[in-house]
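Here's the structure we're looking at; comments come further down.
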Protein chains: 2
Amino acid sequence: MKRDSRLSVALHVLLHMAQQDDQPVTSEQMAAWAMTNPVVIRRTFAGLREAGIVASTKGHGGGWRLGRATAAISLAQIQDALGEPLIALGKAEESPGCAVEQAVNAALDDAVAQARDLLNRKLATITLADLAADVGPMRHPSTEDQDHVV
Amino acid sequence: MKRDSRLSVALHVLLHMAQQDDQPVTSEQMAAWAMTNPVVIRRTFAGLREAGIVASTKGHGGGWRLGRATAAISLAQIQDALGEPLIALGKAEESPGCAVEQAVNAALDDAVAQARDLLNRKLATITLADLAADVGPMRHPSTEDQDHVV
DNA sequence: TTTCATGTAATTATATTTGTTACGTGATGA
DNA sequence: TCATCACGTAACAAATATAATTACATGAAA
């Protein structure tokens, strides 16, 4: 693992979920898709649940399913729900009173804010349905998992 | 410490250097400005030296100075010389053969590339001279350091 | 009431970044 | 010449951040 990869993990799993005919999938299944741990999935998807992007049910036969149609879920919403900056400028939090530092931060903040806005607008135009279409003609294996190489 | 803060550290130090009337400053002095270690400075500035943004001389009376006028040094050049992405998308390098993963990466790469381009263009328009102007009327203490609170 | 699956806290592991120590090289000046 | 200064780097240690794991409580279904 390296950087914060929650967004791509979430997208990956969500797209797989979109193929599941609204059948609930367990965090264990989802973890297999993302090659990670079930707890990591539950943790990552907690934010998505709060945002209504997914819903989860406990107990026997429980699991996770999409909260609304794939066409109504944008990448921007997902990113938001994850609480991820995606564009993170590492500023050196050094001397709060230094005028030089303030000028540096102001300039960088401004430039980064614009880039971040552009990215957000771009992500807002892409839905899960769009991505699903890009994946190409996917089968709908009733419940079986294609062992991760779909 | 947190994220990769080399860019803001470099900018901070470079601006201080711009006030030094082309007098060489030692890495120890620079480290004091950035509240870090001289070796960290020498390491960080190695890339800037290769890019001609700064020059260093060894031996007695040696040190670092700007390689060209502040108006000829853009933030984009500095970022480049540091070899820093600044916008890093943490993609989960999982299953290379997974069509879902490929679709996800393609979509994100495209969006991120545009944001990165915008940021680069923005940074290319800002020079050290611009930032120095933003700092406001700065004194020119012959050789003395203002103990970091300029 | 047994089993399944989520919800979370706590802990451990791993990777990245930064800080430190050590020593070599070149340049200056007494 | 030689002592000193300052860079150039490798090697190592420390701090941080992220992810993985363990453990257990809660709720739902069979």
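Naming: A, B, ... by sequence-line order, numbering from 1 per chain.
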Once salt bridge (charged side-chain N to carboxylate O under 4.0 Å, His left out) is applied, what residue pairs with a partner in residues 22-32 of chain A remain, sequence neighbours excluded?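 Salt bridge (charged side-chain N to carboxylate O under 4.0 Å, His left out) check on residues 22-32 of chain A returns A:Asp22-A:Arg65.
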
Pairs involving residues 30-55 of chain B, ordered by first then second residue, that meet salt bridge (charged side-chain N to carboxylate O under 4.0 Å, His left out) (sequence neighbours left out):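 Applying salt bridge (charged side-chain N to carboxylate O under 4.0 Å, His left out) to every pair that reaches into residues 30-55 of chain B, excluding sequence neighbours, yields nothing.
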
Phosphate oxygens OP1/OP2 of [N]: is one of them under 4.0 Å from a side-chain N or O of [X]?
{"X": "A:Thr57", "N": "D:dA28", "answer": "no"}
{"X": "B:Thr26", "N": "D:dC5", "answer": "no"}
{"X": "A:Ser5", "N": "D:dT18", "answer": "no"}
{"X": "B:Thr36", "N": "C:dT18", "answer": "no"}

Please name all residues satisfying side-chain hydrogen bond (donor to acceptor under 3.5 Å, both in side chains) with [X], sequence neighbours left out, ordered by chain then number.
{"X": "B:Asp80", "result": "none"}
{"X": "A:Arg121", "result": "none"}
{"X": "B:Thr127", "result": "B:Asp130"}

Taking only residues two or more places apart in sequence or in another chain, which ones pass side chain to side chain contact (heavy atoms under 4.5 Å, CB included) with B:Ala51?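 Side chain to side chain contact (heavy atoms under 4.5 Å, CB included) list for B:Ala51, sorted by chain: B:Ile53, B:Ala81.
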
Has the side chain of B:Ser74 got a donor or acceptor atom that lies under 3.5 Å from a matching backbone atom of B:Gln77?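 Answer holds: yes.
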
Tell me if a side-chain donor or acceptor on A:Asn37 pairs with a main-chain N or O of A:Val39 at a distance below 3.5 Å.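 Yes; judged by distance alone, with no hydrogens or angles, the pair exists.
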
Output a table of nitrogen or oxygen pairs between the protein and nucleotides 26-30 of chain C separated by less than 3.5 Å.
residue: C:dG26; atom: N2; partner: B:Gly59; partner atom: N; Å: 3.0

Measure the angle between the two terminal helix axes of the helix from C:dT1-D:dA30 to C:dA30-D:dT1, five base pairs each, and quote it to 10°.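 Axis angle across the helix from C:dT1-D:dA30 to C:dA30-D:dT1, nearest 10°: 10°.
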
Decide yes or no on side chain to side chain contact (heavy atoms under 4.5 Å, CB included) for A:Leu14 and A:Leu48, but give the supporting numbers first. CA-CA 10 Å; A:Leu14 285 169; A:Leu48 300 183; 4.2 Å; yes

Judged by each residue's nearest nucleotide on DNA chain C, which is more toward the 5′ side, A:Ser27 or B:Asn37? A:Ser27

First encountered from the 5' end of DNA chain C, between B:Arg42 and A:Gly62: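 Its nearest nucleotide being more 5', the pick is A:Gly62.
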
Whole-Å distance separating the [atom1] atom of [X] from the [atom2] atom of [N]:
{"X": "B:Ile41", "N": "D:dA6", "atom1": "CD1", "atom2": "P", "answer": "15 Å"}
{"X": "B:Arg65", "N": "D:dC7", "atom1": "CZ", "atom2": "P", "answer": "12 Å"}
{"X": "A:Glu28", "N": "D:dT21", "atom1": "CD", "atom2": "C1'", "answer": "14 Å"}

Quick check for you: to the nearest 0.5 Å, what is the distance between A:Ile126 atom CD1 and B:Leu108 atom CG?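 Between atom CD1 of A:Ile126 and atom CG of B:Leu108 there are 7.5 Å.
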
Start with the C-alpha gap between B:Met17 and B:Val54, add the side-chain angles, then the distance that decides, and say whether side chain to side chain contact (heavy atoms under 4.5 Å, CB included) holds. CA-CA 10 Å; B:Met17 287 174 71; B:Val54 294; 4.2 Å; yes

Please work out which of the three classes, parallel, tilted or perpendicular, describes the rings of B:Phe45 and B:Trp64, given edges at 30° and 60°. perpendicular

Using nucleotides 9-12 of chain C, report all nitrogen or oxygen pairs with the protein that are shorter than 3.5 Å.
residue: C:dA10; atom: N6; partner: A:Arg43; partner atom: NH1; Å: 3.4

Hydrophobic cluster (4.5 angstrom, side-chain heavy atoms) - remaining members for A:Val40: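 Besides A:Val40, the cluster holds no residue at all.
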
Linking directly or through intermediates, with side-chain heavy atoms under 4.5 Å: list the remaining ILVMFWY members grouped with B:Leu118, chain and number order. A:Leu118

Contacts to DNA chain C from residues 45-55 of chain A, heavy-atom cutoff under 4.0 Å, which residues?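 Under 4.0 Å from DNA chain C: A:Arg49.
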
